[in-house]
K.L.:
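Below: one structure in structure tokens.
Numbers here simply count residues along the sequence, with the first being 1.
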Amino acid sequence: MEENKIALKAEHISKYFYVPDKFKVLTDLNFEVKKGEFLSLVGKSGSGKSTLLYVLSTMDTDYEGKVTINGNLLTGQSQNQLAAFRNEHIGFVFQFHYLLPEFSSLDNVMLPALKFGKYSREEIEHRAYESLKLLGLEDQALKMVTKLSGGQQQRVAIARALINNPSIIMGDEPTGNLDSKNTEIVFEIFKKLTRENGQTLITVTHDEDFAANSDRTIELSDGLLVNKV
């Protein structure tokens, strides 16, 4: 694959856990993800897929091998360098939304951009409204997040992940707490991001339908890559 078409490259990724005993959780994983691709990481509980996602996202740096995103080798960089890179290039959506309950939807979405410091507050507020609008939540912008439904809260969390226009969005069971209707809404939003914005999606999921409808799946079993259809 041409280098300029690769969003992420994982080379010889291995990882150990040390408690209670030394245990190899990932074993010599090698794969590439194309720009604009919607990839699902699948496998049984304990297969290593969430561990792999945290390595790929640079939030876990205790591993062997190399991770390259958009041509930038991230392995070996300092925590401050990685934090700055994540804030600019990676949006992360967790299974639980982790919204700040004392703030409105708009304020929650604005937070990463305020921290990034690249835009004026007025521009950040405009971008936040646009992110909420993309997710069909502009009418909920000023509402406290505690007043929203679970599906709405998760969509606010996705809007927050989009505020800095990251090239890669990663999700750890992003629909794990949602009903089938909201899961479908979130899936269609993710599809739209890859098709219209060219953003890359990498998600861990147990949802077979969700995975089957993404562009490609990578299956892990006992820390080994067994399938990358």
K.L.:
Go through the structure and list residues passing side chain to side chain contact (heavy atoms under 4.5 Å, CB included) with E64, not counting sequence neighbours.
P.N.:
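Expected list: S14, Y16.
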
K.L.:
Are any of the side-chain heavy atoms of I202 and L8 separated by less than 4.5 Å?
P.N.:
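Counting from C-beta outward, I202 and L8 do come under 4.5 Å.
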
K.L.:
Does the side chain of L193 come within less than 4.5 Å of L134's, by heavy atoms?
P.N.:
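Side-chain contact under 4.5 Å: yes.
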
K.L.:
Is there a side-chain contact between K66 and H12 in this structure, where contact means two heavy atoms from C-beta onward sitting under 4.5 Å apart?
P.N.:
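Not touching, per the 4.5 Å side-chain cut-off.
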
K.L.:
How long is the gap from CD on E11 to CG on D28, to the nearest 0.5 Å?
P.N.:
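Nearest 0.5 Å value for the CD-CG distance: 11.0 Å.
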
K.L.:
Can you find a heavy atom in the side chain of L26 that is under 4.5 Å from one in the side chain of L220?
P.N.:
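Yes, close enough: below the 4.5 Å cut-off.
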
K.L.:
CD1/I168 to CZ/R86 distance, rounded to the nearest 0.5 angstrom?
P.N.:
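That separation rounds to 13.0 Å.
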
K.L.:
Which atom pair, heavy atoms only, marks the closest approach of T200 to A7?
P.N.:
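Closest pair (atom of T200, atom of A7, distance): OG1-CB, 3.5 Å.
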
K.L.:
Taking atom OG1 of T175 and atom CD1 of I158, what is their separation to the nearest 0.5 Å?
P.N.:
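Going from the OG1 atom of T175 to the CD1 atom of I158 covers 9.0 Å.
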
K.L.:
Just wondering, do L132 and L106 contact through their side chains at under 4.5 Å, heavy atoms?
P.N.:
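Yes - at least one pair of side-chain heavy atoms lies under 4.5 Å apart.
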
K.L.:
Should side-chain heavy atoms under 4.5 Å link Ile, Leu, Val, Met, Phe, Trp and Tyr, which residues sit in the same cluster as L100?
P.N.:
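Its cluster mates, by chain and number, are F103, L111.
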
K.L.:
Is it true that L224 and V42 fall in one hydrophobic cluster, defined by side-chain heavy atoms closer than 4.5 Å?
P.N.:
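No; V42 is not reachable from L224 via cluster members.
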
K.L.:
Counting only heavy atoms not in D222, do more than 12 fall under 6.0 Å of its CG?
P.N.:
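Check fails, neighbour count at 12 or below.
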
K.L.:
For the residue pair L162 and L135, establish whether any side-chain heavy-atom pair is separated by less than 4.5 Å.
P.N.:
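In short, these two side chains touch, coming nearer than 4.5 Å.
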
K.L.:
With distance as the sole test, does N213 use its side chain to make a donor-acceptor pair with the main-chain N or O of D209 at under 3.5 Å?
P.N.:
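Answer holds: yes.
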
K.L.:
Which residues satisfy the ring pair (Phe, Tyr, Trp, His ring centres under 6.0 Å) test with F85, sequence neighbours excluded?
P.N.:
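Checked F85 against ring pair (Phe, Tyr, Trp, His ring centres under 6.0 Å); matches are H89.
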
K.L.:
Same cluster or not: L137 versus F190, using hydrophobic residues (I, L, V, M, F, W, Y) connected whenever any side-chain heavy atoms lie under 4.5 Å apart?
P.N.:
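Both belong to a single hydrophobic cluster.
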
K.L.:
Compare every heavy atom of S167 with every heavy atom of N70, then report the nearest pair and how far apart it is.
P.N.:
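Heavy-atom minimum between the residues: ND2-OG, 2.8 Å.
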
K.L.:
What residues, two or more places apart in sequence or in another chain, satisfy side chain to side chain contact (heavy atoms under 4.5 Å, CB included) together with Q81?
P.N.:
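Expected list: Q77, S78.
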
K.L.:
So which pairs with a foot in residues 144-162 pass side-chain hydrogen bond (donor to acceptor under 3.5 Å, both in side chains), sequence neighbours left out?
P.N.:
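Listed once each, the pairs are H97-Q153, S149-Q152.
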
K.L.:
Under 4.5 Å between side-chain heavy atoms, counting indirect links through other Ile/Leu/Val/Met/Phe/Trp/Tyr residues: same cluster for L201 and I90 or not?
P.N.:
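Cluster IDs for L201 and I90 differ.
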
K.L.:
Using a 3.5 Å distance criterion without hydrogens, assess whether the side chain of T203 forms a donor-acceptor pair with backbone atoms of T205.
P.N.:
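Absent.
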
K.L.:
Is there a donor-acceptor pair under 3.5 Å between the side chain of S40 and the backbone N or O of S214?
P.N.:
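Answer holds: no.
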
K.L.:
Please list all pairs meeting side-chain hydrogen bond (donor to acceptor under 3.5 Å, both in side chains) that have one or both residues in residues 132-141, counting only residues at least two apart or in different chains.
P.N.:
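Pairs touching residues 132-141 that pass the test: Q140-K143.
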
K.L.:
Excluding sequence neighbours, so at least two apart, what forms side chain to side chain contact (heavy atoms under 4.5 Å, CB included) with K44?
P.N.:
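By the side chain to side chain contact (heavy atoms under 4.5 Å, CB included) rule, K44 matches no residue at all.
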
K.L.:
Under 4.5 Å between side-chain heavy atoms, hopping through other hydrophobics if needed: is there a path connecting L29 to L56?
P.N.:
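In one cluster with L29: L56, yes.
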
K.L.:
Could you report the tightest heavy-atom contact between V55 and I13, atom names first, then the distance?
P.N.:
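Minimum heavy-atom separation between V55 and I13: CG1-CG2, 4.1 Å.
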
K.L.:
Short question: side chain of Q199, backbone of P166 - any donor-acceptor pair under 3.5 Å?
P.N.:
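Between the backbone of P166 and the side chain of Q199 there is a qualifying donor-acceptor contact (under 3.5 Å).
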
K.L.:
So, N72 side chain and I69 main chain: donor-acceptor pair closer than 3.5 Å or not?
P.N.:
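Indeed, once roles are kept as given, a pair shorter than 3.5 Å links the two residues.
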
K.L.:
Going through the distances and angles, do T51 and K15 end up as a side chain to side chain contact (heavy atoms under 4.5 Å, CB included)?
P.N.:
CA-CA 9 Å; T51 301; K15 180 173 173 63; 3.5 Å; yes

K.L.:
How close do V226 and S221 get, counting heavy atoms only, and between which atoms?
P.N.:
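It is CG1-CB, 3.9 Å.
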
K.L.:
I want to check something: taking the side chain as every heavy atom from C-beta on, are E37 and K5 in contact at a cut-off of under 4.5 Å?
P.N.:
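Heavy-atom side-chain distance check fails, nothing below 4.5 Å.
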
K.L.:
At their closest point, which heavy atom of A128 faces which heavy atom of M110, and how far apart are they?
P.N.:
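Heavy-atom minimum between the residues: CB-CG, 3.6 Å.
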
K.L.:
Provide the full list of ring pair (Phe, Tyr, Trp, His ring centres under 6.0 Å) pairs with a residue in residues 50-83, sequence neighbours left out, each pair given once.
P.N.:
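Only Y54-F92 qualify under ring pair (Phe, Tyr, Trp, His ring centres under 6.0 Å).
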
K.L.:
Indicate the atoms forming the closest heavy-atom contact of I163 with I124, along with that distance.
P.N.:
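Minimum heavy-atom separation between I163 and I124: CD1-O, 4.0 Å.
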
K.L.:
How about L148 and L99: do any of their side-chain heavy atoms sit closer than 4.5 Å?
P.N.:
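A side-chain contact is absent here, since even the closest heavy-atom pair is not under 4.5 Å.
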
K.L.:
Test your reading of the model: is there a side-chain donor-acceptor pair from S120 to the backbone of E123, 3.5 Å cut-off?
P.N.:
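Side chain of S120 to backbone of E123: a pair is present.
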
K.L.:
Keeping D60 on the side-chain end and D62 on the backbone end, is there a donor-acceptor pair under 3.5 Å?
P.N.:
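Yes, D60 side chain to D62 backbone: donor-acceptor pair under 3.5 Å.
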
K.L.:
If you look only at pairs with a residue in residues 130-149, which of them pass as a ring pair (Phe, Tyr, Trp, His ring centres under 6.0 Å), with sequence neighbours excluded?
P.N.:
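Checked against ring pair (Phe, Tyr, Trp, His ring centres under 6.0 Å) - neighbours excluded - no pair reaches residues 130-149.
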
K.L.:
Got a sec, which residues hit ring pair (Phe, Tyr, Trp, His ring centres under 6.0 Å) with F187, two or more places apart in sequence or on another chain?
P.N.:
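Expected list: F38, F210.
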
K.L.:
Please collect all salt bridge (Lys or Arg N to Asp or Glu O under 4.0 Å) contacts where either partner lies in residues 168-193, sequence neighbours excluded, each pair once.
P.N.:
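Those involving residues 168-193 are K191-D215.
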
K.L.:
If Ile, Leu, Val, Met, Phe, Trp and Tyr residues are connected whenever their side-chain heavy atoms lie under 4.5 Å apart, and connections chain through other members, are L114 and Y98 in the same group?
P.N.:
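No: no chain of side-chain contacts under 4.5 Å links L114 to Y98.
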
K.L.:
Let me see the working for L74 and T68 under side chain to side chain contact (heavy atoms under 4.5 Å, CB included), right down to the final yes or no.
P.N.:
CA-CA 6 Å; L74 299 174; T68 304; over 6 Å; no

K.L.:
Going by the side-chain hydrogen bond (donor to acceptor under 3.5 Å, both in side chains) test, which pairs reach into residues 99-110, not counting sequence neighbours?
P.N.:
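Listed once each, the pairs are S104-D107.
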
K.L.:
Would the distance check show the side chain of K34 and the main-chain N or O of I6 forming a donor-acceptor pair, the cut-off being under 3.5 Å?
P.N.:
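Not a single qualifying donor-acceptor pair exists.
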
K.L.:
Nearest 0.5 angstrom please: L41 CG to I218 CD1, how far?
P.N.:
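Reported value, rounded in 0.5 Å steps: 6.0 Å.
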
